[in-house]
J.: 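Below you'll find the structure I mean.
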Amino acid sequence: EYILNYPNTEVRASFLTHLLMEFSNSQDNDEIMISRLVNTLENKDLDEFFERIKEVFSNIPAIIFMANKEAYYHTIIYLILTLIGVRIAAEVHTNKGRIDAVVETNERIYVFEFKMANSKQAIKQIETKKYYEKYLTSKKEILLVGVSFDIEERNIKEWIVKHEQ
């Protein structure tokens with residue numbers, strides 16, 4: 001039995017950067033693309049963030065796509081954010097359920113819920129189960145993000161962003 005790992009941080013960063021670039025098909029160099037994606041979250045520009053994520057999805061070959069599985073889409077987003085160094089936690093337990101993903105930046109916390117059906121359902125679940133309550137003492141801005149996926153397009157369909165009230 002062997003355990004494979006990166007020999008150092010530089011090799012890990014290089015591998016992950018080039019992997020992301022292969023799936024993004026971007027004309028930017030890898031550092032610029034990663035920086036732009038991270039900055040979209042730092043600057044609360046979720047429209048640009050999701051457009052860039054959609055670009056990655058559009059480059060995944062159809063033969064390996066699992067179009068009707070919410071977990072597949074969730075995993076791709078988780079991997080992208082992990083690869084670029086964003087603080088993300090998946091399947092975060094609360095007293096009322098499980099949050100699909102939580103992304104934390106220096107100034108805000110994003111509470112993500114993913115659905116195959118529609119984004120309104122995702123937002124409703126976050127609000128009904130009060131997933132944001134876990135973060136109220138953080139003093140950071142809390143944003144609720146509902147994301148839906150389109151089975152036929154094999155991509156993100158829509159997203160809704162709301163401030164925690």
Side-chain angles (χ1 to χ4, degrees), residues 16 20-21 23-26 28 30-60 65-165:
L16 297 177
L20 179 61
M21 292 305 296
F23 279 108
S24 72
N25 203 24
S26 176
D28 294 337
D30 47 0
E31 285 103 19
I32 291 173
M33 184 195 172
I34 289 170
S35 177
R36 284 185 180 161
L37 200 51
V38 170
N39 286 339
T40 62
L41 289 171
E42 289 289 344
N43 298 323
K44 203 168 55 172
D45 185 358
L46 291 181
D47 288 337
E48 179 69 18
F49 171 78
F50 282 114
E51 289 303 324
R52 290 186 177 276
I53 298 293
K54 284 176 72 172
E55 180 183 346
V56 174
F57 275 109
S58 70
N59 285 287
I60 298 173
F65 222 95
M66 298 173 64
N68 61 348
K69 304 286 186 188
E70 178 184 309
Y72 174 77
Y73 293 93
H74 182 172
T75 300
I76 298 296
I77 291 172
Y78 175 82
L79 287 173
I80 292 167
L81 294 178
T82 299
L83 292 173
I84 66 171
V86 170
R87 287 179 289 180
I88 181 170
E91 301 299 323
V92 177
H93 290 270
T94 73
N95 60 327
K96 296 180 182 171
R98 200 171 45 215
I99 306 168
D100 283 341
V102 176
V103 171
E104 191 169 347
T105 68
N106 293 331
E107 296 180 17
R108 50 196 59 87
I109 295 172
Y110 296 96
V111 177
F112 283 87
E113 187 63 35
F114 304 109
K115 293 288 180 201
M116 293 304 295
N118 65 57
S119 299
K120 290 177 186 167
Q121 247 183 352
I123 289 289
K124 183 177 180 182
Q125 182 174 332
I126 295 170
E127 292 175 330
T128 301
K129 295 193 176 194
K130 299 181 181 178
Y131 288 158
Y132 54 85
E133 281 186 332
K134 182 174 185 160
Y135 305 99
L136 290 175
T137 59
S138 74
K139 306 293 186 225
K140 293 183 177 184
E141 179 182 19
I142 300 171
L143 295 160
L144 317 178
V145 184
V147 182
S148 65
F149 305 103
D150 187 311
I151 294 171
E152 290 184 22
E153 290 294 319
R154 297 181 177 144
N155 212 321
I156 294 171
K157 178 179 177 182
E158 62 182 0
W159 56 90
I160 298 173
V161 181
K162 290 182 78 175
H163 285 81
E164 180 280 318
Q165 301 296 331

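Please read all numbers here as calculations on a predicted model, not as lab measurements.
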J.: Taking NZ, NE, NH1 and NH2 as the nitrogens, is one of them in E107 or K44 under 4.0 Å from a carboxylate oxygen of the other?
T.: no

J.: So, applying side-chain contact (heavy atoms from CB on, under 4.5 Å) with V147, which one of I156, V161, I160 is it?
T.: I156

J.: Check whether any side-chain N or O of N43 sits under 3.5 Å from a backbone N or O of D45 as a donor-acceptor pair, and report yes or no.
T.: no

J.: Does the pair E153/K157 count as a salt bridge with the N-to-O cut at 4.0 Å?
T.: no

J.: If you take the centroid of each ring, where Trp contributes its six-membered ring, are Y73 and F57 closer together than 6.0 Å?
T.: yes

J.: Sort out for me which residue in F149, F50, Y110 forms a ring-ring contact (aromatic ring centres under 6.0 Å, His included) with W159.
T.: F50

J.: Is a side-chain N or O of R108 found less than 3.5 angstrom from the main chain of E42, in a donor-acceptor match?
T.: yes

J.: Report yes if the side chains of I109 and V103 come closer than 4.5 Å at any heavy-atom pair, otherwise no.
T.: no

J.: Could you check whether Y131 and Q125, counting side-chain N and O atoms only, form a donor-acceptor pair closer than 3.5 Å?
T.: yes

J.: Is the shortest distance from a Lys or Arg side-chain nitrogen in K124 or E113 to a carboxylate oxygen in the other one below 4.0 Å?
T.: no

J.: So for atom NZ, which belongs to K96, do other residues, nucleotides or ligands contribute more than 12 heavy atoms lying within a distance under 6.0 Å?
T.: yes

J.: Just so I know, are the side chains of E91 and H74 near enough to count as touching, which here means a heavy-atom distance under 4.5 Å?
T.: yes

J.: Which word best sums up how the rings of F114 and F112 line up, parallel for under 30°, tilted for 30 to 60°, or perpendicular for over 60°?
T.: parallel

